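Below is one structure; the comments refer to it alone.
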Amino acid sequence: MANNTNSANKPVDFKKKHSKEEMKQQVITFALMIMFTLVAFGLVLAEVTSFFVIPILIILAIVQVLFQLYYFMHMKNKGHSMVSVMMFGGISIGILTIITFTTIIWW
Amino acid sequence: MSHDDVLNPKEMPHEPEKATHEGQNKFLGFWFFLGGETVLFASLFGTYLALNESNAQDPTRSEMFGLELVFIMTMLLLTSSLTSVYAMYHMKNNDFKKMQTWLAITVFLGLGFLGFEIYEFTHYIHEYEFTFQSSAMGSAFYTLVGFHGGHVLFGLLWITSLMLRNAKRGLNLYNAPKFYVASLYWHFIDVVWVFIFTVVYLMGKVG
């Protein structure tokens, strides 16, 4: 606490710079997400065979969601280890659920 | 120092959403909720994937779905995700007015999304008589996509009421976690939509 008040404006400037840097990364993330979306729609419109397209579409979606989670929702920052435990816990149960529903229950 | 002084410090901390103990609890509790939401949506996705060919007398997915509308909806929601990032950026810089402006843009884009979704549903019902009851695929489709739409509606009401409630109060350590958590919810809605447009519409079109 004492350190913060003594060293004048420096920490504030540093923090502002830090969040500016982060904002820049987020804008780049956004541009990449738009690009992935365009590629996904483009592949479907180009009518590439479904054997190739479906895995690519799923990979594009996963990458886009990871961008969203790590950059937009800040999971890449410090203090998010418990958050990761909960999200990846949810995701793994979710994947199991989807596999079960599509292979066993209504087949 | 009274309680009010604690919540309205002279100099805002860098991460106002996590500066108080209550804020930290909200942050963690909300992520716990999002983990649960992931499971909820996964079960709806699983149901849809299992039943998407059980269309009975309804037209097939690739006959029905149009990509133009879905593309516009995707762009609206993706952009609204970025605008809420801007809102949080201004929150960290303690600029309440700019934060409110960006949140208002987010709400506006979300409303556009919701409008298109309602149009899409009424189009399916009137044009193809594809309803919740017409086939197993119909039930799965409307449950999954409708549940997401419900989340959008809830998010809009949530952000709007936060904006109105705190309009005169300004930003402090009491409401900063509330804004932050609402923006996390809004991002999560976009996360779900990415999978909906991929799994339901794009993969439905490919067949």
Side-chain angles (χ1 to χ4, degrees), chain A residues 4-5 11-12 15-16 18-20 22-23 26-27 29-30 33-34 36-38 40-41 43-45 47-50 53-54 57-58 60-62 64-65 68-69 71-75 79-80 82-83 85-91 93-103 105-107, chain B residues 11 13-15 18 24 27-28 30-51 54 67 70-71 74-75 78-79 81-82 84-86 88-89 92-93 136 180 183-184 186-188 190-192 194-199 201-207:
Chain A
N4 271 338
T5 42
V12 178
K15 281 167 188 167
K16 277 218 163 151
H18 177 80
S19 50
K20 226 179 183 171
E22 196 172 31
M23 195 60 234
Q26 282 164 331
V27 173
T29 307
F30 176 71
M33 282 172 20
I34 294 274
F36 287 141
T37 309
L38 290 176
F41 276 86
L43 281 173
V44 174
L45 287 178
E47 292 180 350
V48 191
T49 40
S50 62
V53 168
I54 288 177
L57 287 179
I58 291 173
L60 283 174
I62 289 172
Q64 206 171 322
V65 160
Q68 186 102 17
L69 286 173
Y71 285 89
F72 279 14
M73 293 165 89
H74 309 287
M75 263 176 74
H80 283 70
M82 201 54 204
V83 169
V85 171
M86 294 186 282
M87 273 319 269
F88 284 106
I91 289 169
I93 296 172
I95 290 174
L96 271 180
T97 312
I98 291 174
I99 292 173
T100 318
F101 278 21
T102 48
T103 55
I105 296 185
W106 277 305
W107 216 33
Chain B
E11 197 183 290
H14 176 52
E15 288 186 323
K18 278 180 269 184
Q24 288 166 357
F27 172 80
L28 216 57
F30 193 76
W31 274 102
F32 188 49
F33 165 74
L34 287 186
E37 287 268 285
T38 310
V39 181
L40 168 82
F41 274 104
S43 67
L44 297 179
F45 271 110
T47 311
Y48 178 79
L49 281 170
L51 297 174
S54 317
L67 288 185
V70 177
F71 183 74
T74 305
M75 286 301 148
L78 202 60
T79 314
S81 206
L82 182 77
S84 73
V85 164
Y86 270 110
M88 290 306 108
Y89 171 70
K92 288 193 176 175
N93 288 341
Y180 187 80
S183 94
L184 282 182
W186 195 256
H187 290 309
F188 186 77
D190 197 41
V191 165
V192 175
V194 168
F195 281 115
I196 290 185
F197 86 70
T198 305
V199 172
Y201 295 100
L202 292 181
M203 278 164 61
K205 207 70 187 166
V206 172

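Excluded from the calculations below are hydrogen atoms, water molecules and symmetry mates; all remaining heavy atoms, backbone and side chain alike, are included. Source: prediction; values computed, not measured. All chains are named by letter (A, B, ...) in the order of the sequence lines, taking the proteins before the strands, and each is independently numbered beginning at 1.
With a 4.5 Å cut-off on non-hydrogen atoms, B/Thr74 touches chain A through its side chain but not through its backbone. In this structure, the portions of B/Phe71 lying under 4.5 Å from any heavy atom of chain A include both its backbone and its side chain. For B/Tyr180, the part sitting under 4.5 Å from any heavy atom of chain A is the side chain, from C-beta outward, and nothing else. Of the two parts of B/Phe197, only the side chain, counted from C-beta on, holds a non-hydrogen atom closer than 4.5 Å to a non-hydrogen atom of chain A. The parts of A/Gln26 that come within reach of chain B are both its backbone and its side chain, each placing non-hydrogen atoms under 4.5 angstrom from that chain. For A/Ile34, the parts lying under 4.5 angstrom from a heavy atom of chain B are both the backbone and the side chain.
Interface check for chain B: of the options A/Leu38, A/Thr97, A/Leu57, the most heavy-atom pairs under 4.5 Å are formed by A/Leu57.
Here CE of B/Met88 is found 13.0 Å from OG of A/Ser19. Values are rounded to the nearest 0.5 Å. The distance from atom CG of B/Leu40 to atom CD1 of A/Ile93, rounded to the nearest 0.5 Å, is 12.5 Å. Rounding to the nearest 0.5 angstrom, the gap separating the CE atom in A/Met73 from the CH2 atom in B/Trp31 is 4.0 Å. The CE atom of A/Met33 sits 9.0 Å away from the OG1 atom of B/Thr79 when rounded to the nearest 0.5 Å.
Ring centroids of B/Phe27 and A/His80 are separated by less than 6.0 Å, placing the two rings close together. Aromatic ring centroids of B/Phe45 and A/Phe101 lie 6.0 Å or more apart.
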